[in-house]
Amino acid sequence: MIKKLLLSIVGIIALLIILMFIWLIFIFNPNDYKAWINSKINNDPNIHIVLNGSLDFSLKSMQLNAKEVTINAQNGTFTSHWQDATIKINPLDFFIHPSNPFESLTLQNGEISAAHQQFKASLLNIIEKHQRYSVSTELTNDVKQLNIQLTLTPHTNSTEITDLSIQTILNNLPVCLKVPSIYLNNNNMLNNIDNIRLKIKDQLLIGNISQIVLKPKLSFKGQFTAPYLALTQIVNLNGFKVNLDSFALNFALSHNDSVAKADISINAQSANLIGIDLNAIASSTHNLLSAVDQGDGIGSAFQTLKSQLLPLLAKDKLVADPNKSTQLKQLSIQSHIDNNQLKTTSINWQAPEFRVTGSGQINLSTHELNYPLSIHIKGTPSLTIPYSLNYQDKQFTAAINQAQLQKNLQPIIEKALTNALNNKLGSFFR
């Protein structure tokens, strides 16, 4: 009796399966159930998916093909539109976990809008395993190409992003950004992000981001630090090398209406500039000025200053000497980015024999820079050399402001002449 009952149950189940397959093969049209399918794939409250175009179902591969698909974040952090989508269904999960039977999602020929940036993506793959979604894609626009990999884990009121990796090329340098974890919740706020690893070529910086707000405008603060930074590995200095110790970059960024603004502070405890010995030049200049100040050898002193030191600073194109170096102390730079311009409001770089101050700006589109600087020679008498540093057409140029230098030298010359005259008069009456 029990055997017959079990056989009857198995037979009924087998018949239902056969009938279901017949229905799927000959009768089922996924377009008639588009609303139901849209409701089933929207089981994450943070992501909204809509299948807008025609649907096609393949029983053999258990795949649902869709045209014109939109995928948007509910909080508006990103929107996307795709021409083609393929959803692969796991038959076992279809019965065990009917709320989420999807094994993978492949999106093709899409456009993504995020952080006021527009990107195109030829392919995006999402693979589901144990309620975790592995995502990989390549985004491109007119200026950059991003290779992105991450893992999404949806929660009730948030989405956890782990193992985020972004790779790109900036100024012909490989750049890789890795973030261990991000929690995105529904109130347009993110948790603080720590242990961010930014690698530019072979230079590694460790950072963190805090006070993150996504809407109504994107804003956050952050810091990147490195115990040692070889700036030459990041910026082409035409033979010169700059190594920074205890490097720190602090920034505060806001992004609204396609315009990014940022306040940037750069600091370093010490540095080594290879290619020129500015301390030796400053020391020699100070010794000459001291001799002039005492009225001692005024003619030869000024001739040396004119023929040896000033022409070196006045060279139109700086040429690095790898056998010379300058030891520098604390560096502090304050800048602001607005409308594709980096404007430096303050530069203060200390050295044993001199100090550099100034300001300037960099055009981020053309990579041209102009920095009027002042080189302050320490000691008595002190001298300020007005100096202009420029970068254009991949070439650094520099020049002294001759008119301003003459004004700065005027009181030193007058005092030197007075001392020289007094010395001559004193020797005459002795």
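For clarity, every value in this text was computed on a predicted model and none was experimentally measured.
- Closest non-hydrogen pair, Pro352 versus Asn279, comes out as CD-OD1, 3.5 Å.
- Asp84 places no side-chain N or O within donor-acceptor distance of the main-chain N or O of Lys67, the cut-off being under 3.5 Å.
- Other residues, nucleotides and ligands contribute more than 12 heavy atoms inside 6.0 Å of the NZ atom of Lys34.
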Would you give me the side-chain donor-acceptor pairs under 3.5 Å for residues 118-126, sequence neighbours excluded?
{"residue": "Gln118", "atom": "NE2", "partner": "Ser113", "partner atom": "OG", "Å": "3.2"}
{"residue": "Asn125", "atom": "OD1", "partner": "Thr106", "partner atom": "OG1", "Å": "3.2"}

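- Inter-residue side-chain proximity for Ile196 and Leu177 is flagged as met; some heavy-atom pair is nearer than 4.5 Å.
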Checklist entry - For Tyr133 and Glu128, what are the C-alpha separation, side-chain angles and deciding distance, and is it a side-chain hydrogen bond (donor to acceptor under 3.5 Å, both in side chains)? => result CA-CA 5 Å; Tyr133 301 87; Glu128 189 275 337; 5.1 Å; no
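- The distance from the OG1 atom of Thr168 to the CG atom of Leu146 is 5.0 Å, given to the nearest 0.5 Å.
- By the 4.5 Å heavy-atom criterion applied to side chains, Gln211 and Val213 are not counted as neighbours.
- Contact annotation: the side chain of Leu139 never approaches that of Asn141 to less than 4.5 Å [non-hydrogen atoms, C-beta and beyond].
- Looking at Thr357, its side chain never comes within 3.5 Å of a backbone N or O of Ile347 through a donor-acceptor pair.
- Counting only heavy atoms from C-beta outward, the side chains of Gln334 and Ser265 approach each other to under 4.5 Å.
- For the pair Gln269 and Ser246, the tightest heavy-atom approach, listed with the atom from each and the gap, is CG-CB, 3.5 Å.
- Side chains of Gln149 and Ser136: a donor-acceptor N/O pair is absent below 3.5 angstrom, by distance only.
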Checklist entry - Passes side-chain hydrogen bond (donor to acceptor under 3.5 Å, both in side chains), Asn208 versus Asp194? Steps please. => result CA-CA 4 Å; Asn208 62 79; Asp194 299 316; 5.1 Å; no
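- Nearest heavy-atom pair, Ala271 versus Trp349, reported as atom, atom and distance to 0.1 Å: CB-CZ2, 3.5 Å.
- In this structure, Leu229 and Ile234 have side chains that are in contact, with non-hydrogen atoms separated by less than 4.5 Å.
- Checked by atom type, the side-chain pair Thr344/Tyr371 shows a donor-acceptor distance below 3.5 Å.
- No donor-acceptor pair under 3.5 Å is formed between the side chain of Ser254 and the backbone N or O of Ser219.
- Taking all atoms of both residues into account, the shortest heavy-atom contact from Glu138 to Asn147 is OE1-OD1, 2.9 Å.
- No side-chain heavy atom of Thr79 sits under 4.5 Å from any side-chain heavy atom of Thr70.
- In plain terms, the two heavy atoms of Thr326 and Asn272 that are nearest each other are O-OD1, 3.2 Å.
- Formation of a donor-acceptor pair under 3.5 Å by the Asn72 side chain with backbone atoms of Ser80 is found in this model.
- Listed for the His376 side chain is no donor-acceptor partner under 3.5 Å among the backbone atoms of Val356.
- Between the OG atom of Ser359 and the CD1 atom of Ile333 there is a distance of 11.5 Å, given to the nearest 0.5 Å.
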Next on the checklist: Working note: Tyr391 + Asn363, criterion side-chain contact (heavy atoms from CB on, under 4.5 Å); need CA distance, chi angles, decisive distance, verdict.
Outcome noted: CA-CA 10 Å; Tyr391 183 81; Asn363 188 314; over 6 Å; no
Item to check | Verdict with reasoning, Leu205 to Leu249, per side-chain contact (heavy atoms from CB on, under 4.5 Å) | outcome: CA-CA 10 Å; Leu205 295 93; Leu249 169 67; 5.6 Å; no
Checklist entry - For Leu164 and Ile182, what are the C-alpha separation, side-chain angles and deciding distance, and is it a side-chain contact (heavy atoms from CB on, under 4.5 Å)? => result CA-CA 9 Å; Leu164 171 62; Ile182 304 173; 4.0 Å; yes
Next on the checklist: Would Thr140 and Gln145 count as a side-chain hydrogen bond (donor to acceptor under 3.5 Å, both in side chains) here? Give the steps.
Outcome noted: CA-CA 4 Å; Thr140 60; Gln145 176 178 313; over 6 Å; no
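- Separating the CG atom in Leu369 from the CG atom in Leu389 is a distance of 6.0 Å, to the nearest 0.5 Å.
- Contact check for Val135 versus Leu152: side-chain heavy atoms found under the 4.5 Å cut-off.
- Not a single ring pair (Phe, Tyr, Trp, His ring centres under 6.0 Å) links Phe247 to another residue, sequence neighbours left out.
- Interatomic distance, Gln167 CD to Lys199 NZ, rounded to the nearest 0.5 Å: 10.5 Å.
- Partners of Asp338 according to the salt bridge (Lys or Arg N to Asp or Glu O under 4.0 Å) rule, which considers only residues two or more places apart in sequence or in another chain, do not exist here.
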Checklist entry - For Ser332 and Asn348, what are the C-alpha separation, side-chain angles and deciding distance, and is it a side-chain hydrogen bond (donor to acceptor under 3.5 Å, both in side chains)? => result CA-CA 5 Å; Ser332 176; Asn348 193 327; over 6 Å; no
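- Atom CG of Asn172 is separated from atom NZ of Lys201 by 10.5 Å, given to the nearest 0.5 angstrom.
- Panel note: side chain Asn390, backbone Asn370; no donor-acceptor pair is recorded below 3.5 Å.
- A heavy-atom distance below 4.5 Å is found between the side chains of Ile49 and Val69.
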Checklist entry - Which is it for Asp263 and Phe251 under the side-chain contact (heavy atoms from CB on, under 4.5 Å) test, yes or no, and what are the steps along the way? => result CA-CA 5 Å; Asp263 293 314; Phe251 57 90; over 6 Å; no
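- With hydrogens and angles disregarded, no donor-acceptor distance shorter than 3.5 Å links the side chain of Asn339 to the backbone of Gln341.
- Atom CD of Gln404 and atom OG1 of Thr384 lie 9.0 Å apart (nearest 0.5 Å).
- Considering every non-hydrogen atom in both Gly360 and Pro372, the closest pair reads CA-CD, 4.1 Å.
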